[in-house]
Structure formats: C-alpha cells, structure tokens
Chemist: 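The structure that follows is given in the form of structure tokens.
This is a predicted model, so every value here is computed, not measured. A note on names: the letters A, B, ... follow the listed sequences, proteins ahead of strands, and every chain is numbered from 1.
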Protein chains: 2
Amino acid sequence: MGTRDPFKASEVVSRRGGAAKQPLSRDIIVAAALDLLTQEGLDGLSLRKVAAALDTGAASLYAYVEDLQELHALLLDRALAGVDTSRNPQQGWRARLETLLESYYRALSRSPGLAQLAMSTIAAGPNALRIIEALLGLLGEAGVEQATAAWAVDLITLYVTAIAAEQSQRRRQPDPLGTITQVVGAVSAEEYPRIHALRHHLLSGSPVDRFTWSLEVLVKGIVQTPRPDAPAGKAVASRKRMTPARNRSSSKKL
Amino acid sequence: MGTRDPFKASEVVSRRGGAAKQPLSRDIIVAAALDLLTQEGLDGLSLRKVAAALDTGAASLYAYVEDLQELHALLLDRALAGVDTSRNPQQGWRARLETLLESYYRALSRSPGLAQLAMSTIAAGPNALRIIEALLGLLGEAGVEQATAAWAVDLITLYVTAIAAEQSQRRRQPDPLGTITQVVGAVSAEEYPRIHALRHHLLSGSPVDRFTWSLEVLVKGIVQTPRPDAPAGKAVASRKRMTPARNRSSSKKL
DNA sequence: ACCTGAACACCGTTCAAGT
DNA sequence: ACCTGAACACCGTTCAAGT
C-alpha cells in the first residue's frame with residue numbers, strides 16, 4: 001500500500017516538488033466526497049477513500065464531520081444546490097412546478113447513488129428548505145389549502161426521490177437474470193394472466209414520459225383531495241362524506 | 001437480548017447432549033436472516049451473523065445463496081408472503097385496493113429496515129408478482145385503461161415502499177439534532193416564511209392518516225390521468241362513469 | 001457434494017500520541 | 001488545536017483443503 005500515491009484527484013496538488021496539501025475543511029471534504037460518489041457510486045464512497053483522495057487518513061475527517069451519516073447529509077444538500085427555484089413569472093404555477101421538480105429530479109440523478117443516498121438521509125439542509133419553500137408557494141398559487149399543501153410537499157418530494165432512486169439503480173444492472181425485464185417477460189400466462197397480458201405495457205415508456213405522467217397524477221390528485229382535518233373555511237367542507245374540491249357534481253360514487 | 005434460548009432462535013436446536021445442527025437450506029437461511037433483520041435492523045443484518053445464528057461460517061451460505069443481494073431479494077419476497085390478496089367480493093374495488101395496500105404497507109413495516117431494503121431491491125419474486133397481479137385486477141375494475149394501469153402499478157408500489165421506508169427510518173432516530181422536527185420547528189421566518197407559517201402542519205398527522213390521504217390522492221389522480229399514448233376516446237376519458245369492467249368484447253388493441 | 005478455516009481486501013470509528 | 005498511525009471490531013467474498 002503506497003501511502004504516497006500521486007492519486008490526488010483534486011485541484012491543489014503540488015506546486016513544485018513538495019506536496020502542498022490544501023488545508024482540510026468541511027467544504028473540501030464534501031467536494032471530494034461528491035467527486036467520489038459521482039465517479040464510483042454509493043458503494044464506492046467511503047470515509048477512507050475520501051481521506052485518501054485528500055491525502056490524509058480517515059481519522060482526520062472526524063475533526064470536520066461528525067459521522068458518515070452527516071457527510072451524507074452534507075453531500076445531499078450540496079447536490080441540491082443546483083436545483084433552480086427562481087421564479088419565472090411568465091409561466092403559470094403548473095409549468096413552474098413541473099420545471100422545479102424536473103430540476104430536482106435531475107439533480108438527484110446526476111450522480112449514481114445520490115438518489116439512493118437521498119432515500120436514507122433526511123434532507124433538511126438549506127437547499128432542501130429552499131425547495132420546500134418554493135413548492136409551498138407554487139401549491140399556494142394552485143389554490144391548494146395550506147394544511148393540504150404541507151402534506152402534499154412531503155408526498156411530492158418523496159415521490160421524486162423514490163423514482164430517481166429506482167431508476168438510478170435500474171441503471172446499475174445492465175441485465176442480470178433477476179431484472180424486472182426478464183421476470184415480467186417470462187411470467188406464466190396461467191399464474192399471472194394480467195401481468196402476462198400487460199407485460200409490454202409494464203415495461204414501456206421512457207423515464208421522462210413516466211415521470212411526467214406521474215407528476216400529472218399527483219398534481220391532479222392533490223388539487224382535488226383536501227386533508228381530512230382541513231379547515232372547512234373557504235374551499236372545502238369535508239367532515240364525513242368526502243366531497244370533491246369546490247363544487248363538483250356529487251354523483252361520484254364508488 | 002435474552003429473547004430465546006441459547007443463540008439459535010430457530011426450531012431445531014439440539015436434541016440431546018450433542019449439538020444437532022439442522023442441515024442448511026435456502027429456506028432456513030432466509031428465515032434466520034429475517035429474524036435477524038427484525039431484531040437488529042438492516043445494519044445488523046450480515047451474512048456473517050446469519051451464519052453465526054446457524055452455527056456455521058459465512059462461507060457455507062454461498063452454497064445456497066449467490067450473494068448478499070440475492071439474500072435480500074429472497075428476504076423481501078418472504079416478507080411479502082404475508083400480504084393478503086384474496087378477494088372479498090363484498091366490497092368495491094376501492095375498499096379492496098385500500099385493504100391490499102395497507103396490508104402491503106404493514107408487511108414492509110413489520111421489520112425495521114425491511115422497507116429500506118425494498119427500496120434497493122427489485123421485488124420480482126412470486127409474492128411481488130401476486131400483488132402486482134391483484135393490483136392490475138383492481139385497477140381494471142376501477143375502469144382504468146390497461147396501459148395506464150401498468151404504469152399506475154409502478155407508481156403505487158413505489159410510493160407505498162417509499163413511505164414505509166421513510167417512516168421506518170424516522171423511527172430509527174428518536175430525536176437527534178438533525179431531525180426534521182428540529183429543523184422545521186426552528187426555521188427562520190424571514191428566510192423561509194412559508195415553511196415557518198406551516199411548520200405545525202408540516203409535522204402534523206399520524207402516519208396512517210397521511211397514508212390514507214396519499215392513497216386517495218394517487219387513486220383520484222390515476223383514475224383521471226390516461227397515459228399520453230393510451231388509446232384515445234374509447235374508455236376512460238377523464239371522469240366519466242366507470243364501466244363495470246366486464247365487456248371485454250370490443251377490440252382490445254395493444 | 002457439502003462444508004469450512006483462513007485469508008483477502010475492504011469498512012467506520014476511536015484513541016493515544018505526536019506537532 | 002489540529003492531525004495521525006495504529007488498533008478495534010466489524011464487513012462480503014474467495015479458495016484450498018477437509019470430510
């Protein structure tokens with residue numbers, strides 16, 4: 001194990017002969033970790049490797065970071081820095097919502113394993129808060145009651161994270177035997193008639209088409225589904241019978 | 001500790017003085033792993049510990065299981081065995097859908113870490129297929145066009161898994177500093193006015209209430225949102241009356 | 001065939017000791 | 001104060017050797 005590996009992979013390497021090590025800092029550590037995550041995926045990310053990339057030992061990182069878990073959280077928030085929440089007043093709430101969530105989705109998909117990491121890390125950094133704030137604003141514009149919007153934000157972000165995680169990892173495995181494709185394609189028509197009949201539909205559609213469709217599902221559902229305990233104030237009077245938002249025809253049974 | 005006898009935690013322990021080791025088998029390995037997962041969570045699950053519980057070395061497991069990943073997949077499917085897909089013809093599709101998904105959700109929530117595991121494991125075992133098959137049937141009854149139902153199943157299962165994972169891990173941390181509760185509760189009113197204003201709403205609601213609400217959102221959205229490339233006109237336009245999913249006589253292209 | 005101890009190449013985290 | 005080598009207690013996986 002050569003300790004002096006010229007394997008730095010960071011900006012400041014050495015000026016002349018000597019090894020001019022940059023001073024450690026939270027920021028540099030997080031940057032190196034994100035680099036590593038991007039290049040090697042979640043499994044390739046370790047404190048030891050981050051330390052090695054910074055030409056030090058793993059123990060040194062503990063002066064700046066509590067934990068591997070904390071590093072994960074910092075990593076996630078830094079990755080979310082790229083999400084654009086600026087308002088474009090030209091567009092309606094719906095278009096802006098879609099733009100924002102696509103940006104969110106793309107940020108999580110940028111590095112393999114980032115979305116996976118997001119599924120096991122609570123996103124509560126400044127960038128996550130900025131995104132939530134923006135979402136609340138958009139849902140408000142959409143006329144969603146406040147208490148409902150609070151839950152809706154959770155639902156939406158959870159879903160975007162989940163779908164990014166699912167797809168990031170579908171990409172990890174080119175086509176081993178266990179893949180959905182193989183299983184669904186070979187399913188027995190007697191045992192699972194519906195899966196068999198729909199096997200092509202189940203696998204069809206580009207990620208972006210599915211994403212767009214799912215978003216539409218969520219938005220439509222959210223706009224029409226008040227929280228059970230929502231104030232009966234202006235929009236909804238849902239106490240026992242759930243009546244669709246505003247005044248739709250109340251015929252919808254089943 | 002000290003829940004069971006010595007250390008075995010499985011049926012066949014020792015008959016007489018000697019240590020009568022049960023023969024290994026896939027089934028026994030998976031059972032031991034599920035035990036371990038239930039008792040110690042995902043982080044406490046390892047091939048070495050499973051082997052130790054079965055009084056052997058980790059290497060021995062490789063005769064029955066390809067991989068840790070494969071063990072995960074087997075584990076997940078075994079956990080899904082408890083999901084009830086039997087039809088109760090007394091109830092409408094909606095009630096049955098809710099029952100099924102609650103059962104699914106509960107199965108994933110039974111062991112800590114199981115839902116997390118599910119997020120990084122493709123569920124394609126017989127029990128997963130059985131659940132998908134049932135979901136397709138229910139969506140068909142709901143009048144959802146077939147191609148749309150195929151995508152909807154993905155959306156629904158992904159969501160149930162994700163919310164189970166989120167909550168299973170919210171339970172892991174009682175209340176360290178980074179928790180959502182702490183962050184959201186202390187957010188600055190100037191920087192994040194909307195989060196601040198809604199901070200109580202954001203945290204309110206029991207898991208089951210949120211789950212039920214989310215499900216309603218999804219179902220309403222799905223019923224009303226055909227796939228972009230779905231056959232137009234024919235069946236479910238937007239919210240017309242549901243057809244009793246009976247007359248399959250008309251030409252069912254695709 | 002089935003099983004296994006030992007080894008290999010890794011982990012996160014702690015700590016006494018260095019500067 | 002900051003940094004570190006070494007150690008501790010773990011991992012998944014492989015393999016030659018045992019029965």
Chemist: With rounding to the closest Å, how many angstrom separate the C1' atoms on dC3(C) and dC15(D)?
Modeler: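 Comparing C1' positions in dC3(C) and dC15(D) gives a spacing of 13 Å.
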Chemist: Side chain of Thr56(A), heavy atoms from C-beta onward: which of dT4(D), dT13(D), dG12(C) has the nearest atom to it?
Modeler: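 Comparing dT4(D), dT13(D), dG12(C) against the side chain of Thr56(A), the answer is dT4(D).
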Chemist: Strictly below 4.0 Å: does Lys49(A) bring a side-chain N or O up to OP1 or OP2 of dC10(C)?
Modeler: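 Negative; the distance criterion is not met.
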Chemist: Rounded to whole angstroms, how far apart are CD on Glu70(A) and C1' on dT13(C)?
Modeler: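 Rounded to whole Å, this separation is 14 Å.
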Chemist: Rounding to an integer number of Å, can you tell me how far Asp43(B) CG sits from dC10(D) C1'?
Modeler: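 The answer, rounded to whole Å, is 12 Å.
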Chemist: With a 3.5 Å distance limit and no angle check, can you tell me whether Thr121(A) reaches the backbone of Ala118(A) through a side-chain donor-acceptor pair?
Modeler: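 Judged by distance alone, no pair lies under 3.5 Å.
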Chemist: Could you check which nucleotide pairs with dA6(D) in any of the strands shown, counting Watson-Crick or G-U wobble with both distances under 3.5 Å?
Modeler: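 dT14(C) is the nucleotide pairing with dA6(D).
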Chemist: Go ahead and name the base partner of dT19(C); Watson-Crick or wobble counts if both distances stay under 3.5 Å, otherwise write none.
Modeler: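 Base partner found: dA1(D).
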Chemist: Could you state the CG-P distance from Leu61(A) to dG12(C), rounded to the nearest angstrom?
Modeler: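 The answer, rounded to whole Å, is 10 Å.
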Chemist: Can you tell me how far P of dC10(D) sits from CG of Leu45(B), to the nearest Å?
Modeler: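 Nearest whole value for this atom pair: 15 Å.
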Chemist: Looking across every strand, which nucleic acid part, if any, lies under 4.0 Å from Ala63(B) by heavy atom: base, sugar-phosphate, or nothing?
Modeler: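 Nothing, no nucleic acid heavy atom in range.
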Chemist: Kindly point out which of dT13(C), dC15(D), dT13(D) is positioned nearest to the side chain of Ala58(A)?
Modeler: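 Within the option list, the nearest is dT13(C).
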Chemist: Write down the distance between CD1 (Ile29(A)) and C1' (dG12(C)), rounded to a whole number of angstrom.
Modeler: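 Value for this atom pair: 15 Å.
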Chemist: Between Asp27(A) and Ser25(A), do the side chains contain a donor N or O and an acceptor N or O under 3.5 Å apart?
Modeler: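 Side chains of Ser25(A) and Asp27(A): no pair found under 3.5 Å.
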Chemist: Side chains of Leu45(B) and Lys49(B): does their closest heavy-atom pair fall under 4.5 Å?
Modeler: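 Answer no - side chains too far apart.
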Chemist: Taking atom C1' in both dA16(C) and dC2(D), what distance in whole Å separates the two?
Modeler: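 My reading of the C1' atoms in dA16(C) and dC2(D) gives 15 Å.
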Chemist: So, is Tyr64(B) near the phosphate of dC3(C), with a side-chain N or O under 4.0 Å from OP1 or OP2?
Modeler: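 Looking at the OP1 and OP2 atoms of dC3(C), one of them is under 4.0 Å from a side-chain N or O of Tyr64(B).
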Chemist: What is the distance from CG of Leu71(A) to C1' of dC11(C), rounded to the nearest Å?
Modeler: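 In whole Å, dC11(C) C1' and Leu71(A) CG are 14 Å from each other.
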Chemist: Which nucleotide sits closest to the side chain of Tyr62(B): dG12(D), dC15(C), dG12(C)?
Modeler: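 Per side-chain heavy atoms of Tyr62(B), the pick is dG12(D).
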Chemist: How do Leu24(B) and Arg48(B) order along DNA chain C: which one's closest nucleotide is nearer the 5' end?
Modeler: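 Going by which nucleotide is closer to the 5' end, it is Leu24(B).
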Chemist: What integer distance in Å separates Asp55(A):CG from dT4(D):C1'?
Modeler: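 After rounding, the gap between these two atoms is 12 Å.
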Chemist: Applying side-chain contact (heavy atoms from CB on, under 4.5 Å) between Val50(B) and each of Val30(B), Leu61(B), Leu37(B), report the one that passes.
Modeler: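 Among Val30(B), Leu61(B), Leu37(B), the one that satisfies the side-chain contact (heavy atoms from CB on, under 4.5 Å) with Val50(B) is Leu61(B).
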Chemist: Quick check: do Leu101(B) and Leu135(B) have side-chain heavy atoms less than 4.5 Å from each other?
Modeler: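 Leu101(B) vs Leu135(B): side chains touch.
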Chemist: Answer with base, sugar-phosphate or nothing: what part of the nucleic acid does Ser46(A) contact at a heavy-atom distance below 4.0 Å?
Modeler: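 The residue Ser46(A) makes sugar-phosphate contact but no base contact.
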Chemist: What interatomic distance, in whole Å, is found between C1' of dC11(C) and the corresponding atom of dC8(D)?
Modeler: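 So the two C1' atoms sit 12 Å from each other.
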